[in-house]
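Remarks on the structure that follows.
We use all heavy atoms of the structure for the numbers below, so side chains are in, but hydrogens, waters and symmetry mates are not. None of the values given here were measured: they were computed from a predicted structure.
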Amino acid sequence: MKTRRSFAGAAVVAVVAGAAGAGCYGPLKLTPSDHATVLSEQRLRAEHPATRGPYEVRRLFYGSGTDRRRPEYRDSVAIVTETVDASKLVSLGATAKERNGYWGFTPKEFPINGRAWYPEGEPRDGRLFPLVLIVHGNHDMKDFSDPGYGYLGELLASRGFVFASVDMNFINGSIRNENDGRGWFLLKHIDAFKRFAADESTPFFGKIDFERIALIGHSRGGEAVGHAAAFNRLARYPDDASLEFGFHHGIRGIIAIAPVDGQYLPTGRLVPVENVNYMVFHGSHDGDVTSFHGLRLYNRLSFTDGGDYFKTAIYMYRANHGQWNTVWGDKDNGPRSARRLDLRGLIDGEAQREFGEIYISAFLETVLRDNPDYAPMFRDHRAIGGWLPETMYITQFESSSFRPLATFEEDIDVTSGTAHGVTLRGDSLGVWREELLDLRSRNRPTTSSSQESNALRLGWNNRVAGGEDDLGTPASYAVSLPPGLGAEWGLSTASRLDLQLGAVEGRPGPRRPEGEEDDPSAAGGDDGETGRGEDDPDASDSEAEDPDGDDPIDLSIVVTDEAGASASVRLSDYGPIRRPLETVVRRRNDADSFDHQWELVLQSFSIPLADLVEANSAFDPARPREIRLLFDQTPAGTVVVDDIGFSESWPGG
């Protein structure tokens with residue numbers, strides 16, 4: 001049976017099944033924010049980005065013209081390309097003889113093959129066409145993956161982008177540690193397009209803007225686009241300096257679809273990426289890359305050159321790994337997937353790809369065409385609720401203007417912030433600690449299972465022991481700013497207060513009556529939490545033991561200026577506050593496969609300081625002195641918080 005509930009113009013599907021063990025089919029826990037009206041400045045007034053554009057679409061193949069296994073790259077190529085030597089980046093190991101025999105070439109003469117979709121005629125806006133390349137991830141090398149993004153090619157070419165799906169099937173299969181090769185290959189394909197655009201005999205002659213390039217990668221390709229962005233700035237290959245790079249292409253944005261992370265570790269470190277726009281999305285029911293590993297690159301991506309950039313991450317409930325590619329489909333683990341994976345809870349494949357069309361097209365319009373109309377959707381998915389497929393979403397966003405007050409990364413002092421002079425304090429909290437955010441499973445045995453980010457855990461219970469209806473002063477957590485910081489940073493009504501937050505199961509026990517010595521451990525658990533906590537997701541959690549267990553979590557954000565004027569807003573007005581969404585991927589509920597049957601993904605919240613002025617006209621947004629998370633809306637609960645700071649209004653957003 002399906003029941004549908006709407007939020008902000010979109011519907012949320014809750015699937016209920018009577019099958020034993022089908023935990024992922026229980027009713028979804030909706031919050032008031034799911035139903036809230038999006039604030040007026042967040043409503044999107046723009047053309048639907050997945051609407052077909054004004055251009056007629058043309059298609060062609062480019063490649064070696066000699067491919068033994070791919071007739072389209074042998075008999076149908078419109079542009080013949082030269083091979084490249086990838087032997088320093090791709091090692092075939094023990095499979096070399098078999099693979100070279102099958103393909104008819106070795107890594108020393110890998111082909112530059114691709115299928116392109118492009119607009120017919122001249123650009124209609126007076127500007128050259130941007131270039132977008134996509135690369136697939138690992139799959140059966142004989143089940144060719146590159147045709148699977150044709151739906152994106154048709155849409156984007158009609159909207160005035162030159163789009164190519166790159167063939168890397170010859171490095172698919174059982175080999176490992178080849179993702180640096182995938183990134184390098186993408187850059188070599190850009191080199192090839194530069195030659196195409198300089199050749200009068202090709203349809204690309206003089207039509208491509210090579211300062212407006214975006215790269216898209218799926219699965220291992222999603223890791224590769226980060227490597228390409230890093231290699232694009234390097235003079236030489238980190239693992240063998242005899243290989244020169246010198247690319248310096250105009251890559252403005254990268255998109256990762258359900259990516260892995262950390263399969264390539266130059267000098268044993270995760271690849272650093274900076275000064276590029278980034279979007280990543282991942283499905284909760286991914287049966288291949290079973291954790292949101294793209295959050296790791298999101299967290300380490302830095303903006304250092306003063307440019308205008310942003311990064312966004314979107315978590316899509318019930319999406320899987322393969323349905324982003326029409327060749328892969330819903331079988332994340334091959335032909336026997338239905339025996340291993342519970343496919344009943346998946347969102348329809350067309351709906352999943354529709355989500356991809358919406359976000360990819362809007363990102364490219366924003367990054368490659370400087371179109372500000374779509375900016376609000378990256379801050380808050382509710383801004384396009386009427387467009388999105390019926391499921392649930394969690395969104396993270398950060399612009400290059402973000403200035404942190406507290407990221408919880410710099411030390412082990414829970415009272416010190418990130419910006420100089422910022423101090424942190426808690427009042428009446430049952431839980432207050434900083435911790436490393438985990439993923440629910442590892443990418444591979446040698447790679448950390450963390451999100452590469454520290455965060456803050458806060459738990460509170462405003463009830464007083466011995467009196468069920470007695471509530472004490474609401475617990476709170478305060479970030480204190482040094483005098484003059486707001487003026488130094490140039491804060492104003494155009495600025496925003498940003499933070500990430502997510503609710504988790506469990507709550508501290510009631511407070512001791514005033515005057516009695518507080519003993520958090522006596523209330524339940526080593527840290528005072530009772531009920532089902534994040535560290536014990538399978539523990540008993542009856543309503544009698546945890547009357548607030550199903551209550552929506554909410555809180556107030558109170559900001560006080562240097563003159564003592566305070567303004568308050570409710571956090572749920574700026575996005576959904578959800579507990580982690582339960583996800584059962586394995587058909588036999590193989591709990592040993594994961595640390596948790598859910599993924600903790602925090603939601604970004606962005607509060608215009610103008611809203612605080614509206615709440616209290618005496619409040620001075622240029623002189624904030626204290627920011628308080630006031631737990632006055634829900635009697636008890638636990639939240640995880642990260643990245644508290646200020647940003648300026650991003651163009652259009």
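Using a 4.0 Å cut-off between charged side-chain N and carboxylate O, Lys331 and Asp143 make no salt bridge. The pair Glu154-Arg59 counts as a salt bridge, with a side-chain nitrogen and a carboxylate oxygen less than 4.0 angstrom apart. For the pair Arg296 and Asp261, the salt-bridge criterion is met [side-chain N within less than 4.0 Å of a carboxylate O]. The residues Asp209 and Arg127 are annotated as not salt-bridged, no charged nitrogen and carboxylate oxygen being separated by less than 4.0 angstrom. Using a cut-off of 4.0 Å between Lys/Arg side-chain N and Asp/Glu carboxylate O, Arg496 and Glu648 are scored as not salt-bridged.
A donor atom on one side chain and an acceptor atom on the other are not found under 3.5 Å apart for His136 and Ser219. Side chains of Asp498 and Ser647: a donor on one and an acceptor on the other come within 3.5 Å. No side-chain donor from either of His139 and Ser145 sits under 3.5 Å from a side-chain acceptor of the other. Under 3.5 Å, the side chains of Asn325 and Tyr149 contain a donor-acceptor pair of N or O atoms. Checking Thr418 against Glu410 by side-chain atom types alone, a donor-acceptor pair falls below 3.5 Å. Between the side chains of Asn275 and Thr304, at least one donor-acceptor pair of N or O atoms lies under 3.5 Å. Counting only N and O atoms by type, the side chains of Asp642 and Ser453 include a donor and acceptor under 3.5 Å apart. There is no side-chain donor-acceptor pair under 3.5 Å between Asn320 and Asp286. Side-chain contact annotation: Ser361 with Arg159, donor-acceptor N/O pair under 3.5 Å present. For Asp140 and Asn172, the side-chain atoms include no donor-acceptor pair closer than 3.5 Å.
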- request: Go through the steps for Tyr359 and Phe355 under the test ring-ring contact (aromatic ring centres under 6.0 Å, His included), then give the verdict.
  value: CA-CA 6 Å; Tyr359 266 97; Phe355 165 90; 4.9 Å; yes
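The aromatic ring centres of Phe402 and Phe646 sit 6.0 Å or more apart. In this structure, Phe105 has its ring center closer than 6.0 angstrom to the ring center of Phe170. When ring centroids are compared, Phe310 and Phe378 come within the 6.0 Å threshold.
Two residues are said to be in side-chain contact when any heavy atoms from C-beta on lie closer than 4.5 Å; Ile112 and Lys188 meet this criterion. Side-chain contact between Ile255 and Tyr278 is absent, with no heavy-atom pair separated by less than 4.5 Å.
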